[in-house]
Undergrad: 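Quick one: this structure, given as structure tokens, is what I'll be asking you about.
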Amino acid sequence: MVPDYQFVGATNMREHNQLYIDGAWRDPLQPSVLERTDPATGKVTGRVALGGEADVDAAVAAADRAFASYSQTTPQERIELLERILVEFDARTEDLVQAVTEELGAPVALARGAHLPSGRVQIATAIETLKTYPFTEMRGTTEIRKEALGVAALITPWNFPVLQPVGKTVSALAAGCTVVFKPAQLTPYSALILAEIMHAAGVPAGVFNLVNGRGSVIGKKLSSHPDVGMVSFTGSLPAATEISIAAAPTAKRVTSELGGKSPHILLPDADLNVAVNTAMNWLMAMTGQLCSAPSRTIVPRSRLEEFLNVLVPAVEAIRVGDPRAETTAMGPLVSAEQWDIVQGYIRKGIDEGARLVAGGLGKPEGLEAGHFAKPTVFADVTNSMTIAREEIFGPVMSVIAYDTVEEAIQIANDSPFGLAGYVTGSDPAAAHAVAEKIRAGYIIINDTDFDWSAPWGGYKQSGNGREFGPDGMEEYLETKVVRA
Ligand code: NAD
């Protein structure tokens with residue numbers, strides 16, 4: 001599969017030497033520099049300043065000062081602020097598309113069609129939420145008030161660098177909280193643009209602060225800081241564990257959105273083209289780097305070969321290549337480390353006896369410079385194999401056969417995770433009945449679109465709490481009772 005176009009590559013070197021603290025761009029107090037490389041070419045695309053613990057102290061102090069007045073703003077004042085943020089966000093849409101393509105390697109069409117809209121919807125939903133949300137209610141003669149919790153630390157992963165930061169930020173701001181945002185090291189460009197958006201929108205000094213840096217330094221300091229009221233975290237379970245431990249002595253609220261190994265059950269009457277679309281849209285298009293990717297496909301044994309006959313040609317036809325090309329369907333993995341991890345899992349799948357029916361080890365022909373992986377499908381997977389139990393975060397599908405629908409549901413739920421689930425079936429009532437039995441936070445039936453304003457979060461080891469929409473805002477609220 002040799003690409004029939006020239007790589008464009010990054011055109012401008014990005015240089016960002018400052019952090020955004022207390023309403024201004026400032027030199028880090030403890031500077032260090034991160035070089036970011038292009039996932040598609042391996043070439044350096046920019047240098048970004050990272051902060052240290054002293055910068056966290058400065059950012060938290062600014063957020064703490066700003067909380068005194070910002071938490072007292074009316075919902076109407078916050079609506080007006082969010083409306084200005086929406087205007088500035090729209091003005092920077094194309095800059096964000098380019099940033100996501102450059103730092104994550106997301107195909108430009110995916111950045112434009114999924115990354116940006118899923119972020120935008122968060123701002124629009126926060127505005128709508130504030131228009132009707134009952135911050136005060138009477139229960140009999142007792143007043144129940146919802147009040148801003150305090151300074152919120154927002155710690156995000158790299159795989160959805162617009163959705164996660166924007167979703168957390170606007171939920172916190174809608175609630176009346178002030179924030180210190182620490183993005184993933186691999187995706188700093190979109191985070192810097194988000195800070196520029198906040199500044200241009202006139203967000204008051206100290207209400208939004210950005211400290212780029214390492215999880216082990218900035219994230220750790222934020223998680224233990226006595227003046228931080230809560231941590232909203234999205235990422236891996238090991239990092240969530242460290243954050244929870246660091247946050248425990250100061251009794252912080254910690255919400256966590258973690259990984260998944262989401263099942264996709266094909267019912268006996270499934271339309272196989274619909275099932276293949278689910279795999280293409282939510283596993284392969286994202287290069288598998290989606291927490292809710294349908295990575296375990298659970299198929300009636302009697303239809304297994306029929307399914308593979310539809311799936312495999314579709315997987316082999318995926319246009320893998322330069323994310324800057326408008327026609328590319330699947331970009332590279334985010335980093336060399338991620339590529340190594342994915343290769344390790346493909347090797348494990350082969351060694352543990354799964355049947356490789358598409359893709360496999362190595363890079364697609366002609367794409368050796370970047371972190372490209374082959375879209376890969378394993379059949380004859382059992383649910384106890386490593387590739388069925390662990391999150392791969394790459395374009396690797398495990399196909400598991402079942403004999404009865406009860407067994408399919410049992411396989412779906414036999415996982416430490418419970419983030420999402422997918423059901424494909426021609427009888428809506430039967431598909432819905434199966435959806436009800438999957439223990440996960442978000443179920444998609446017959447390749448329906450995600451609603452990015454609906455509550456997002458997992459069961460079991462996929463997390464704790466919900467984000468986006470009204471449920472997401474409530475994570476940033478305290479409850480107070482007043483009796484008179
Ligand atoms: P990660 O846990 O390595 O890092 C996430 C963030 O935490 C980064 O900003 C990192 O710097 C920071 N961090 C790391 N160690 C820390 C520590 N000890 N203290 C404080 N902060 C720390 O995850 P990742 O590799 O960036 O992202 C991939 C993971 O995120 C996958 O498991 C994926 O499933 C998950 N994810 C979940 C959701 C969801 O909504 N459930 C969404 C996207 C990604």
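Whatever order the structure lists them in is the order used to number ligands and atoms, beginning at 1.
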Undergrad: Assess whether a salt bridge exists between Glu478 and Arg253, defined as any Lys/Arg side-chain N lying under 4.0 Å from an Asp/Glu carboxylate O.
TA: yes
Undergrad: Can you tell whether the side chains of Asp55 and Arg26 come within less than 4.0 Å, N to carboxylate O?
TA: no
Undergrad: Report all protein residues having a heavy-atom distance below 4.0 Å to some atom of ligand 1; order the list by chain, then number.
TA: Ile155, Thr156, Pro157, Trp158, Asn159, Gln164, Lys182, Pro183, Ala184, Gln185, Gly215, Gly219, Lys220, Phe233, Thr234, Gly235, Ser236, Ala239, Glu242, Ile243, Glu257, Leu258, Gly259, Cys291, Glu391, Phe393, Leu419, Trp456
Undergrad: If the threshold is 4.0 Å, N to carboxylate O, is there a salt bridge linking Glu391 and Lys261?
TA: no
Undergrad: Does the plane of the ring in His199 sit parallel, tilted or perpendicular to the ring in Tyr20? Use 30° and 60° as the thresholds.
TA: perpendicular
Undergrad: Can we say Glu368 and Lys363 salt-bridge, meaning some charged N sits less than 4.0 Å from an Asp/Glu carboxylate O?
TA: no
Undergrad: For the pair Glu326 and Arg112, find out whether any cationic side-chain nitrogen is under 4.0 Å from an anionic carboxylate oxygen.
TA: yes
